[in-house]
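Working notes, beginning with the structure itself.
Every chain is numbered from 1 and lettered A, B, ... according to where its sequence line falls, protein lines coming before strand lines. Keep in mind the model is a prediction, meaning the values are calculated, not measured.
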4 protein chains.
Amino acid sequence: MLYQIHFSDMSTDKKEHIILTAINLFATKGFEGTSIREIAAAANVNLAMINYYFGSKEKLFESIIDYKATYSRGAIADLVNDTTLSYQQKISQIIDGYVDRLFSNRNFHRLLYHELVTNTRPELQLNIVNNIIYPNTRTISALIDDGIKAGEFNQVDAKLTTVSLVGTINQILLSSGYCSKILGNKDVPNYDPYEDEEVKNRVKSHLQNMICGYLVKKQA
Amino acid sequence: MLYQIHFSDMSTDKKEHIILTAINLFATKGFEGTSIREIAAAANVNLAMINYYFGSKEKLFESIIDYKATYSRGAIADLVNDTTLSYQQKISQIIDGYVDRLFSNRNFHRLLYHELVTNTRPELQLNIVNNIIYPNTRTISALIDDGIKAGEFNQVDAKLTTVSLVGTINQILLSSGYCSKILGNKDVPNYDPYEDEEVKNRVKSHLQNMICGYLVKKQA
Amino acid sequence: MLYQIHFSDMSTDKKEHIILTAINLFATKGFEGTSIREIAAAANVNLAMINYYFGSKEKLFESIIDYKATYSRGAIADLVNDTTLSYQQKISQIIDGYVDRLFSNRNFHRLLYHELVTNTRPELQLNIVNNIIYPNTRTISALIDDGIKAGEFNQVDAKLTTVSLVGTINQILLSSGYCSKILGNKDVPNYDPYEDEEVKNRVKSHLQNMICGYLVKKQA
Amino acid sequence: MLYQIHFSDMSTDKKEHIILTAINLFATKGFEGTSIREIAAAANVNLAMINYYFGSKEKLFESIIDYKATYSRGAIADLVNDTTLSYQQKISQIIDGYVDRLFSNRNFHRLLYHELVTNTRPELQLNIVNNIIYPNTRTISALIDDGIKAGEFNQVDAKLTTVSLVGTINQILLSSGYCSKILGNKDVPNYDPYEDEEVKNRVKSHLQNMICGYLVKKQA
DNA sequence: GATGAATGAGCGTTCATTCAT
DNA sequence: CATGAATGAACGCTCATTCAT
């Protein structure tokens, strides 16, 4: 019995280890550009184990989606239901939290968008949109709509405002080369702009100013 | 003589035909996910012709970049130099033009971002960023900076405002499934949101409101 | 347990089987003229197995070299150190042994010379010369030099005398058509001169006479 | 009429130019290892011209054989019929002439032996053996036989003695790496042993000593 | 559960050759 | 005569996957 548990734990750890390795490789080199041989080598497991565990390369990808989907839910929802905050405060906190989350999960995030851009596997796309991307968008845009109804926000296009919020962050996360080129490369060897707090703060404050400025009614 | 011209045209047409076919396939399935056999079949040319014309799959990709790069230059620049327009008017026209251009070149655009997200071939990334993406970003953000200096615009982060503009459009162009889900799928068979003028106008007016509202000083 | 051993043997056998098959094909059609598909078909193994076992066609070739190199060492060296023999006796035995060895390894030998004549892959050439061809040549010519110093042999060009020894055998082994034409084709269907003991003995006795006659001092 | 001659001359020159270019490439990289694209590029002619002129790659090869075969006949024959020379003098001159000729035609010679070693195209092999290689061998060995009959030479195996003569030179011409390794590389950048007169003379005098010593009767 | 061996399909590329002009 | 364009076959190699143990 102990054996089984021990084994199962090892197996879970191994699966997780493979998933985490695969996320980085997929995010970096794309789904088609990454071979399961590479994943096996990087994760230091036998090549056949990946198919053994996940069934196929395709299903490994889906496992990644599932793994992260369950992991990243509910963060925004809690905040929305907090009644002690004004709508502006809520949006403000959402922006900060969102930037933080997307920056630290940027590899997984890239992988998601990689899959979205790619038109193959439409069921998987649907899954991603419905279960991961759309829920957050809907929650935020619903909050904006509520703020509008409550008279605190201007009559804006809530959906597209949310799209602008997410789109700005995604645009920044696209490629470190692009990001550095735009925001200014620092004289640091192997500079990674996504690990630079200044960059993150600059994005946060830009979004705060632009989005909140757009939403919140100006007093006469 | 006429024959020769006709022949030469055929050859150019064929190259262009291959390029246009490849853009769609690359945009849909990614660079690694598209085989030159697929491209050859889709373009109805012999497999070996692709290497004959372009040298390699890699160089075909670069040819696409070059083909579109020369094609899409200068559109914004002309507008910027027009002295009869206010900064607000310029930005406003840029937004409309940008949405139109990115919507109609969405496949090529997707291909670019596909390549940016994917980290392989860093020299090509650099080429894309430097020659295609950055120039537009720089022109727009320079215009914003000029508007700030002229006192017509607020003191905003010009770079990131430009990023928000581009990022919003890209976010919409990511996937038709996502776009439909967000903006509302119409009851049309094989509905393509990117061919829907309403969608385009909605994006335009959102960006007009948000970006211009953010930039232009409010009168007391 | 027996199973495992059996399995392991099969795998070694398979590698060896591929190598032996490849030697004949390479020797007959040359390295470039032989495709790994042909080798796979002739050896009755899956095409991909060759790369699985050897890594590449190039490395298969090197494996052949290594396989035979280890196999064919030390034959001459032992003889040289035998103190009970006169130099003439040593040379005499070397000639007989050399003819035997080259005749029975003629395919591998042809392959070596095929590679030497062809100038591609210079590192491999160096490897062949340094590790296979040169050692034998050096051993023999050193023996001749010793015979000279000992006063038993005439003052000849030891290196070139060795070259004549090897060159004569190689010239005979060049092509069975040439060999038959020179030494007389027998009225035997599918006659292979290299399997004809008479031919071998004729070569041996010619070399004995010529080389030994050249080396050994005539008594007054 | 003049046009035709002019053209025909140009065409002959071009054919010859292609042949000479091809000899070097084939000799260096082998028949299979050389593409007609390379030959076309090196000879600075259109790719299609080679098939146009020679019909196929195979036939180009045969054209080379024919071209050189007609070119290199009769050199030895004249000498044999000279009645003012002793047999020893004739053999001695043949050795010198043979070394000179093979050294300066080493590329073509290599190509011949490349083809002999390779077992494909048996009719071509027959052609080479019958028309190029055998005639010389026969002439020389017939001379030796005559010398034996005349009582000037020892009763040797005339055929194999001729083989030793040719085989020694071929062994030296095999590869410049091998040759340098055996005969001592000089401290000259891009040293080509085959252009070194010392090497040639050393080979000549070795063969003179060994072959003539073997053939010519010792006086009591 | 874990793994080396094996498979068949497909990859990007290059080949010798032929065609249309 | 000469040539760019085109072709179909084959190249070496790697892929995701399966199998036997």
Side-chain angles (χ1 to χ4, degrees), chain A residues 3-4 6-8 10-11 14 32-40 45-60, chain B residues 1-4 6-8 10-11 14-15 31-40 45-60, chain C residues 1-4 6-8 10-11 14-15 31-40 45-60, chain D residues 3-4 6-8 10-11 14 32-40 45-60:
Chain A
Y3 251 115
Q4 273 199 355
H6 179 243
F7 255 93
S8 156
M10 270 187 65
S11 140
K14 224 171 200 171
E32 321 283 349
T34 308
S35 73
I36 62 172
R37 270 169 186 75
E38 284 178 280
I39 298 170
V45 299
N46 183 280
L47 162 66
M49 283 313 299
I50 291 180
N51 276 319
Y52 182 76
Y53 274 140
F54 300 97
S56 72
K57 191 188 180 187
E58 202 92 17
K59 281 181 187 154
L60 164 61
Chain B
M1 197 57 175
L2 268 169
Y3 257 113
Q4 273 201 356
H6 180 242
F7 196 76
S8 155
M10 270 187 65
S11 160
K14 219 169 199 171
K15 273 187 96 162
F31 180 79
E32 322 279 352
T34 308
S35 75
I36 62 172
R37 273 171 183 80
E38 282 179 280
I39 298 170
V45 299
N46 184 282
L47 159 66
M49 286 312 299
I50 292 179
N51 277 317
Y52 180 75
Y53 275 137
F54 301 98
S56 70
K57 192 189 179 186
E58 201 91 17
K59 279 180 187 157
L60 165 59
Chain C
M1 197 56 172
L2 271 169
Y3 257 115
Q4 274 199 356
H6 179 243
F7 197 74
S8 155
M10 269 187 65
S11 161
K14 219 169 198 172
K15 271 186 97 162
F31 180 79
E32 322 280 352
T34 308
S35 74
I36 61 172
R37 273 172 182 79
E38 281 179 280
I39 298 170
V45 300
N46 185 282
L47 159 67
M49 285 312 297
I50 292 180
N51 278 315
Y52 180 74
Y53 276 137
F54 301 97
S56 70
K57 191 189 178 186
E58 201 93 16
K59 279 179 187 159
L60 165 60
Chain D
Y3 251 113
Q4 275 201 354
H6 179 242
F7 255 92
S8 156
M10 269 188 64
S11 143
K14 222 170 200 172
E32 321 283 350
T34 307
S35 74
I36 61 172
R37 271 170 184 75
E38 283 178 281
I39 297 170
V45 299
N46 182 279
L47 161 66
M49 284 312 300
I50 291 179
N51 276 319
Y52 181 77
Y53 275 141
F54 300 96
S56 72
K57 192 188 180 187
E58 202 93 15
K59 282 181 186 155
L60 164 60

Distances under 3.5 Å between nitrogen or oxygen atoms of protein and nucleotides 8-11 of chain E:
unit_1 : atom_1 : unit_2 : atom_2 : d
E/dC11 : OP1    : B/S35  : OG     : 3.0

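- Distance, D/K59 NZ to E/dA16 C1': 13 Å, rounded to whole Å.
- Atom CD1 in D/I39 sits about 11 Å away from atom P in E/dC15, given to the nearest Å.
- Map A/S56 and B/M49 each onto its nearest nucleotide of DNA chain F; the residue landing nearer the 5' end is B/M49.
- Here the C1' atom of nucleotide E/dT17 and the CG atom of D/L60 are 14 Å apart, to the nearest Å.
- With hydrogens and angles ignored, no donor-acceptor pair under 3.5 angstrom links the side chain of D/Y52 to the base of F/dA2.
- Summary of the strand contacts: D/V45 and A/G55 both lie near DNA chain F, and taking for each the nucleotide with the nearest heavy atom, the more 5' one is attributed to D/V45.
- In this structure a side-chain-to-backbone donor-acceptor pair under 3.5 Å is present from C/K57 to C/F31.
- For C/K14 and E/dA6, the shortest distance from a side-chain N or O to OP1 or OP2 is below 4.0 Å.
- With a 3.5 Å ceiling on both atom-pair distances, the Watson-Crick or G-U wobble partner of E/dA20 is F/dT3.
- We find that NZ of C/K15 is positioned 14 Å from P of E/dG4, with the value rounded to whole Å.
- Here A/Y53 reaches the OP1 or OP2 of E/dA2: one of its side-chain N or O atoms lies under 4.0 Å away.
- Under 4.0 angstrom from either OP1 or OP2 of E/dT17 there lies at least one side-chain N or O belonging to D/N51.
- Across all strands shown, E/dA9 forms a Watson-Crick or G-U wobble pair, both distances under 3.5 Å, with F/dT14.
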